[in-house]
There are 2 protein chains.
Amino acid sequence: MHVDDLPIEQKIKYVQDTLFVISGKWKLPILIAISQGSNRFRDIQRQVLPITTRVLTKELRDLEQNKLVIRTVYDTSPVLVTYDVSAYCKSLKPLVDEMILWGKNHRKKLIE
Amino acid sequence: MHVDDLPIEQKIKYVQDTLFVISGKWKLPILIAISQGSNRFRDIQRQVLPITTRVLTKELRDLEQNKLVIRTVYDTSPVLVTYDVSAYCKSLKPLVDEMILWGKNHRKKLIE
DNA sequence: ATATCTGGTATTCTTTAGGTTACTGGCATC
DNA sequence: GATGCCAGTAACCTAAAGAATACCAGATAT
């Protein structure tokens with residue numbers, strides 16, 4: 001089934017679902033940072049500055065619930081925690097790439 | 001230049017720009033409604049219910065500033081106002097279609 | 001022994017998004 | 001002559017997002 005064939009209410013619903021998952025100031029920046037190799041809490045925080053620890057914690061929990069991020073706790077002392085993007089998270093790549101391209105172009109467009 | 005070649009800070013910046021334009025509860029639903037033929041203020045409001053007039057006004061102004069919507073006032077009495085999506089707005093279609101597809105699939109994913 | 005790293009939590013505060021309700025002034029309709 | 005449609009505006013309120021600051025305990029580095 002093609003996107004254009006969906007009834008308008010369905011389109012709106014699905015778009016709102018997607019927005020709910022990825023919107024907010026930090027979610028995509030965090031995913032980008034993790035997928036580029038920042039796997040530790042403090043690494044991510046440094047990459048996505050100036051996010052605070054409180055907000056980062058909350059965002060990571062949200063992403064985990066949406067099955068985009070996997071949190072692993074190693075039973076060492078002190079504990080080691082790693083964050084990784086899930087295989088499912090890769091399904092977001094076409095969307096994110098499209099957003100990067102669109103945002104890049106939009107800057108130019110607004111200056112016109 | 002390919003997306004993957006951009007430095008991470010640029011990716012993050014462009015993604016945030018895009019999010020800023022399209023996120024929020026109503027922006028995309030409004031664009032979808034207009035592009036499907038709701039061109040009058042009240043038509044849009046009825047299609048995107050339960051949005052209020054106050055919020056709809058604000059969202060339409062934002063969309064206009066981002067060159068996605070064109071507002072035309074006809075000098076009749078009483079005044080007639082129409083809203084149309086701009087040609088530029090069509091550049092959002094790949095992004096929105098991708099969001100529809102992803103949101104559709106994500107519902108299934110979360111039920112698993 | 002002092003400072004700094006780790007992965008966070010707790011408390012408080014401010015800002016923003018969005019909602020509620022009421023109202024306007026022309027015009028057409030019942 | 002009261003009601004309703006049109007395209008909004010105004011004043012106020014609530015809830016949620018996010019920011020600021022301080023703090024924790026166990027380990028490492030100086």
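Of the possible donor and acceptor atoms, one in the side chain of B:N39 sits under 3.5 Å from a partner among the backbone N and O of B:Y83. Although no hydrogens or angles enter the test, the distance criterion places a donor-acceptor pair under 3.5 Å between the side chain of A:T57 and the main chain of A:T53. A distance-only check finds a donor-acceptor pair linking the side chain of B:S86 to the backbone of B:L68 [under 3.5 Å].
We find that CG of A:L60 is positioned 15 Å from C1' of C:dT9, with the value rounded to whole Å. When the P atom of C:dT16 is taken as reference, atom CG of B:L19 falls 18 Å away, rounded to whole Å. Taking atom NZ of A:K58 as the reference point, atom C1' of D:dA17 lies 7 Å away to the nearest angstrom. Per the geometry, CD1 belonging to A:I51 stands 14 Å off C1' belonging to C:dG7, to the nearest Å. Between B:E59 atom CD and D:dA7 atom C1' the separation is 17 Å, expressed in whole Å. The separation between B:L56 atom CG and D:dT9 atom C1' is 13 Å, rounded to whole Å. Rounded to whole Å, atom P of D:dA17 lies 14 Å from atom CD1 of A:I30. Atom pair B:R61:CZ and D:dT9:P shows a separation of 5 Å (rounding to whole Å applied).
The phosphate of C:dC27 (OP1 or OP2) has a side-chain N or O of B:S77 nearer than 4.0 angstrom. Between B:R46 and the phosphate of D:dC5, there is no side-chain N or O to OP1/OP2 separation shorter than 4.0 Å. Residue A:K25 places none of its side-chain N or O atoms closer than 4.0 Å to OP1 or OP2 of C:dT16. The shortest distance between the side-chain N/O atoms of A:R40 and the OP1/OP2 oxygens of C:dG7 is below 4.0 Å. At the phosphate of D:dC13, neither OP1 nor OP2 sits under 4.0 Å from any side-chain N or O atom of B:R54.
Of the two residues contacting DNA chain D, namely B:V81 and A:W26, the nearest-nucleotide position lying further toward the 5' end is that of B:V81. The residue among B:R71 and A:F20 whose nearest nucleotide of DNA chain D is located toward the 5' end is B:R71.
When distances are taken from the side chain of B:T53 to each of C:dG8, C:dT20, D:dT9, the shortest belongs to D:dT9. For B:F41, taking side-chain heavy atoms from C-beta onward, the closest of the listed nucleotides D:dG18, D:dA7, D:dA27 is D:dA7.
Under 3.5 Å, the side chain of B:T57 and the base of D:dT9 form no donor-acceptor pair of N or O atoms. One donor-acceptor pair, N or O on each side, does fall under 3.5 Å between the base of C:dG8 and the side chain of A:R42.
Using a cut-off of 4.0 Å between Lys/Arg side-chain N and Asp/Glu carboxylate O, A:D17 and A:K13 are scored as not salt-bridged. Ion pairing between a basic and an acidic side chain is recognised when a charged N comes within 4.0 Å of a carboxylate O; B:K93 and A:D4 show such pairing.
Among the heavy atoms of the strands lying under 4.0 Å from B:Y83 are primed sugar atoms or P, OP1, OP2 only; no base atom is included.
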